[in-house]
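One structure below.
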Amino acid sequence: MSGTFVGMPAFPKAAHEAVGNTTLRANLRHATHTIRDKRAKAVAELDDWARLREAGKQIKDHTLRHLDHYLVRLEEAVTTAGGTVHWAADADEANRIVTGLVKETGESEVVKVKSMATQEIGLNEALEAAGIRAYETDLAELIVQLGKDRPSHILVPAIHRNRGEIRDIFEREMGPWGRPAPEHLTDAPAELAEAARLHLREKFLRAKVGVSGANFMVAETGTLVVVESEGNGRMCLTLPETLISVVGIEKIVPTWRDLEVFLQTLPRSSTAERMNPYTSMWTGTTDGDGPDTFHLVLLDNGRTDTLADDVGRQALRCIRCSACLNVCPVYERAGGHAYGSVYPGPIGAILSPQLRGTASAIDASLPYASSLCGACYEVCPVAIDIPEVLVHLRERVVQGGEFTRHGAKVTLKPARGHAAERAAMRAAGMVFGRPGLLRAGQRLAARTRRVHPRTLPGPGRAWSATRDLPKVPGESFRDWWQRTGGGQEGEA
Amino acid sequence: MTSRDIILGRVRRALGTPGDPDPEASYEQAVDRSYLREHGTRTTEQTVDLLAGNLADYRAIVHRTDREELPLLLMRLLASSGARTVLVPPALPPGWLAAAHPVRVADRAGSTAADLDEADAVVTGCAVAIAETGTIVLDGGPDQGRRRITLVPDHHICVVRVPDQVVSSVPRALERLDPARPLTWISGPSATSDIELDRVEGVHGPRTLEVVLVTGAD
């Protein structure tokens, strides 16, 4: 990934600052708790949920296992239907392709549907640098764009803002971007939605170029699917003359029929609705209906590197529902910005370090941004075992080893900061492998327990600063067993 | 080397040993499709009731009528919203708007988005309606017109022929739809959950969605 959150501090520092912000914590707590209960209810309506979840996993796993085949198949289908397919190995290439396509139209502005892929590659900044203004049209993206802010949630990028803050941003910033906010705007959500409607209407009606992502691409038919709520997606997908969609290569499903699984699991997991208000599906171009030029930009940008990792690969099953963010105790307290990526929360903690590598401080710290409680895995509609991948990535950070970066095998050195931990683990390994040594150590520890310090000295200090050291029992289990015959002779 | 070659090469190296030579043939076995085709058993009448209930749950206004009463109902709906102009798809059954007062506006190829913005309402049919989710699907058929005419006007009246056009579930709907056509799935009026993850109706799409369930229609 590129263009995002340069110079971010490691997660613990960023999270520490965020946790001190009481407004942010209150906003996040309110929003995540609201959606949590609703999701559970929407999911409970379908008594075959577990089977839908398993089918979703299997569809994605099969597709990833044969991704080369389905990419070529998709390319054929889209081309046959009148679209043009482009391939982008990284963010820069995708940005160059889109900028070039917009310039060819002679236009200097585009309207955008909310898209994680274009956020990931920093498309708006690249367009801006080329003199093209990109208008975000999703309400939350608009709030982020007008507030010169960063997204903090996959589904609701402005989740960290409450209604009062949104009102202030609209009042202050809408004018410079176009139609100003109505006078006497209150913080009622319906009024704020109305203000966004009025502000964006003129932009939709005059737009000649639309830019989108897609939730799904069907290989057999060449159909793209965008799932949304507000109607801004429909506006951007149908009114402009040219449509450019930037989509990650993992968004493919093999057949039309596969949508029957995801169109049931995605809305319920995401907004806790039986169905989201609007879903658009288009296959190439249609004479007289919608854009007459359609470009699909297939984006790699670290996805094939992720695919090369047998354990980490499952992150590519993600359908960006954000259910894992909404249940995560760490996300709820730290907020999305601390993750230093457009992909925050549990999925971000496994996706960002794989897409970007673990070279930066923030990416090396992300696998630790979790208590491994497993709530994310429980709610994931494609059964991504996020804790498993987190532990796997921790291993990569600590022990180093071979992984793939930009398509080539590289060897990662073990992280320096973990030397004490490695030394401790080596020592523990040696002791556990020698029963006599273990017994001697345990007896020594038991006899000296009155003088044990409450915090560890040296490099262990940081560890024990936030934890209580376990109390050493007066007698080890093995001594007790030997003395009592496993409790047969009663307690002495 | 093109980027296409680079990406496909990376994918193949990432996967290591080649997979099935014909993945589409093995796909049937790769996925356990034992999930339900529809949830619960219902009579046709109950399915239509469920559709009406779920549409209303997401703030669509639902009306029920029969073929004879349809023109009068449409007349009343348009009159009560004060519509002066109504957009009409190319082949809306002519009788439907026989009693309606507003000026009928045909959608011409040259009509711009701004032209469509002048219309107060639009009346269409649909391709299929899904009971379990409260969804209507448009496929650009002659009684529905191109996508933009149901998007720009603020008031959309959609006529669903019951029970023929009603299916129980999402899987049943996909069986009936043609992916080659541009499809729009609509579940209630435009809404957003972007302010504190709470649902508010009425953003960019039509803020009023009225669905007319009509029996015996042509």
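Below, chains carry the letters A, B, ... as their sequence lines are ordered, and counting in each starts from 1.
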- Please name the pair of heavy atoms, one in B/Tyr58 and one in A/Arg274, separated by the smallest distance, quoted to 0.1 Å. OH-N, 2.9 Å
- Query: A/Arg201 versus chain B, heavy atoms under 4.5 Å apart: side chain, backbone, both or neither?
  - Reply: side chain
- Query: Is the closest side-chain heavy-atom distance between A/Arg65 and B/Pro23 below 4.5 Å?
  - Reply: no
- Just by distance, with hydrogens left out, do B/Ser190 and A/Glu230 show a side-chain donor and acceptor under 3.5 Å apart? no
- Task: Taking atom CZ of B/Arg176 as the centre, report whether more than 12 heavy atoms of other residues, nucleotides or ligands fall under 6.0 Å from it.
- Result: yes
- Could you tell me whether A/Asp305 and B/Arg10 have a side-chain N and a carboxylate O separated by less than 4.0 Å? no
- Message: With a 4.5 angstrom heavy-atom cut-off, is it the side chain or the backbone of B/Val200 that approaches chain A, or both, or neither?
- Response: side chain
- Query: What part of B/Ser111 lies closer than 4.5 angstrom to a heavy atom of chain A: side chain, backbone, both or neither?
  - Reply: neither
- Task: Select one option (side chain, backbone, both, neither) describing which atoms of A/Asn232 are under 4.5 Å from chain B's heavy atoms.
- Result: both
- Query: Parallel, tilted or perpendicular for B/His204 and A/Phe204, by the 30°/60° rule?
  - Reply: perpendicular
- Which bit of B/Arg13 comes within less than 4.5 Å of chain A, counting heavy atoms only: side chain, backbone, both or neither? side chain
- Side chain, backbone, both or neither: which part of A/Glu202 has a heavy atom under 4.5 Å from chain B? neither
- Is it the backbone or the side chain of A/Leu205 that comes under 4.5 Å from a heavy atom of chain B, or both, or neither? both
- Query: Top residue by heavy-atom pair count (under 4.5 Å) with chain A, among B/Ser187, B/Ala60, B/Ala113?
  - Reply: B/Ser187
- What part of A/Lys409 lies closer than 4.5 angstrom to a heavy atom of chain B: side chain, backbone, both or neither? neither
- Carboxylate-amine/guanidinium proximity below 4.0 Å for A/Arg161 and B/Glu196: no
- Query: Salt bridge check: are A/Asp300 and B/Arg4 linked by an N-O gap of less than 4.0 Å?
  - Reply: no
- Message: So which residue, A/Thr137, A/Asp61, A/Val261, A/Leu198, ends up with the most heavy-atom pairs under 4.5 Å with chain B?
- Response: A/Val261
- Message: Please classify the contact of B/Leu177 with chain A as side chain, backbone, both or neither, using a heavy-atom distance under 4.5 Å.
- Response: both
- Proximity breakdown for A/Ala88 and chain B, heavy-atom pairs closer than 4.5 Å: backbone
- Task: Kindly say whether B/Leu174 contributes a backbone atom to a donor-acceptor pair with the side chain of A/Trp256 at under 3.5 angstrom?
- Result: yes
- Beyond-backbone contact of B/Pro179 with A/Met281, side-chain heavy atoms, under 4.5 angstrom: no
- Task: Under 4.5 Å, counting heavy-atom pairs only, tell me which of B/Leu209, B/Thr133, B/Leu138 racks up the most with chain A.
- Result: B/Thr133
- Query: Do B/Asp32 and A/Arg51 sit within salt-bridge range, that is, some charged N less than 4.0 Å from a carboxylate O?
  - Reply: no
- Message: Looking at B/Arg181 and A/Asp289, is there a salt bridge between them, counting it only when a charged N and a carboxylate O are closer than 4.0 Å?
- Response: no
- Does A/Glu194 come within less than 4.0 Å of B/Arg207, counting only side-chain N to carboxylate O? yes
- Task: Count the heavy atoms belonging to other residues, nucleotides or ligands that lie under 6.0 Å from CD of B/Glu28, then report whether that count exceeds 12.
- Result: no
- Please state whether the side chain, the backbone, both or neither of A/Ala81 comes within less than 4.5 Å of a heavy atom of chain B. neither
- Item | Residue A/Arg313 versus chain B: region with a heavy atom under 4.5 Å | side chain
- Message: Between A/Thr223 and B/Leu183, is there a side-chain heavy-atom distance shorter than 4.5 Å?
- Response: no
- Message: Please classify the contact of A/Leu67 with chain B as side chain, backbone, both or neither, using a heavy-atom distance under 4.5 Å.
- Response: both
- Task: Name the region of B/Arg172, side chain, backbone, both or neither, that has any atom closer than 4.5 Å to a heavy atom of chain A.
- Result: neither
- Task: Could you tell me the separation between the CG atom of B/Leu15 and the CG atom of A/Leu307, rounded to the nearest 0.5 Å?
- Result: 4.5 Å
- Task: For side chain to side chain contact (heavy atoms under 4.5 Å, CB included), just list the numbers for B/Arg33 and A/Ile59, CA-CA rounded to whole Å, side-chain angles, deciding distance to a tenth of an Å, and then say yes or no.
- Result: CA-CA 10 Å; B/Arg33 304 266 181 188; A/Ile59 291 167; 4.0 Å; yes
- Task: Starting at CZ of B/Arg12, measure out to NE2 of A/His69 and round the result to the nearest 0.5 Å.
- Result: 11.0 Å
- Where does B/Thr135 contact chain A at under 4.5 Å (heavy atoms): side chain, backbone, both or neither? side chain
- Query: What is the minimum heavy-atom distance between A/Thr304 and B/Ile7, and which atoms define it?
  - Reply: CG2-O, 4.1 Å
- Got B/Leu8 and A/Val72 here, is their nearest side-chain heavy-atom distance under 4.5 Å? yes
- Message: Given 3.5 Å as the limit, does a donor-acceptor pair link the side chain of A/Arg197 with the main chain of B/Val203, or not?
- Response: yes
- Note on the structure: Rounded to the nearest 0.5 angstrom, the OH-CD1 distance for A/Tyr278 and B/Ile186 is 6.0 Å
- Query: Considering only heavy atoms, which portion of A/Thr238 lies under 4.5 Å from any heavy atom of chain B: side chain, backbone, both, or neither?
  - Reply: both
- Region of B/Val137 in contact with chain A, defined by heavy-atom distances below 4.5 Å: neither
- Message: Under 4.5 Å from any heavy atom of chain B, what part of A/Leu28 do you find: side chain, backbone, both or neither?
- Response: neither
- Side chain, backbone, both or neither of B/Pro189 within contact of chain A (heavy atoms, under 4.5 Å): backbone
- To the nearest 0.5 Å, atom CG of A/Leu263 lies from atom OG of B/Ser169 at 11.5 Å
- Quick check: does any side chain N or O of A/Asp48 sit under 3.5 Å from a backbone N or O of B/Tyr35, one acting as donor and the other as acceptor? no
- Message: Distance check, rounded to the nearest 0.5 Å: B/Glu24 atom CD versus A/Tyr70 atom OH?
- Response: 5.0 Å
- Under a 4.0 Å N-O cut-off, is there an ion pair linking B/Arg146 with A/Asp287? no
- Bottom line for B/Glu201: the part with an atom under 4.5 Å from chain A's heavy atoms is neither
- Query: For the residue pair A/Gln58 and B/Ala30, what are the closest heavy atoms and their distance?
  - Reply: CB-O, 3.5 Å
- Item | Part of A/Glu228 within contact of chain B (heavy atom distance under 4.5 Å) | neither
- Quick one: do B/Glu175 and A/Arg257 make a salt bridge, cutoff under 4.0 Å? no
- Quick one: what part of B/Ala109 sits under 4.5 Å from any heavy atom of chain A, side chain, backbone, both or neither? neither
- Message: Looking at every non-hydrogen atom in both residues, tell me the closest pair between B/Gly202 and A/Ala193 and how far apart they are.
- Response: O-CB, 3.9 Å
- Message: Rounded at 0.5 Å granularity, tell me how far CZ in B/Arg37 sits from CD in A/Glu260.
- Response: 4.0 Å
- Query: Picking from B/Thr112, B/Asp57, B/Ile149, B/Thr2, which has the most non-hydrogen pairs under 4.5 angstrom with chain A?
  - Reply: B/Asp57
- Query: So which part of A/Ala207 gets closer than 4.5 Å to some heavy atom of chain B, the side chain, the backbone, both or neither?
  - Reply: neither
- Contact part of A/Leu52 toward chain B, heavy-atom cut-off under 4.5 Å: side chain, backbone, both or neither? both
- Considering non-hydrogen atoms only, spot the tightest contact between B/Tyr27 and A/His62 and give its length. CD1-CD2, 3.2 Å
- Note on the structure: Note: B/Ile195 and A/Arg163 closest approach over all heavy atoms is CG2-CB, 4.1 Å
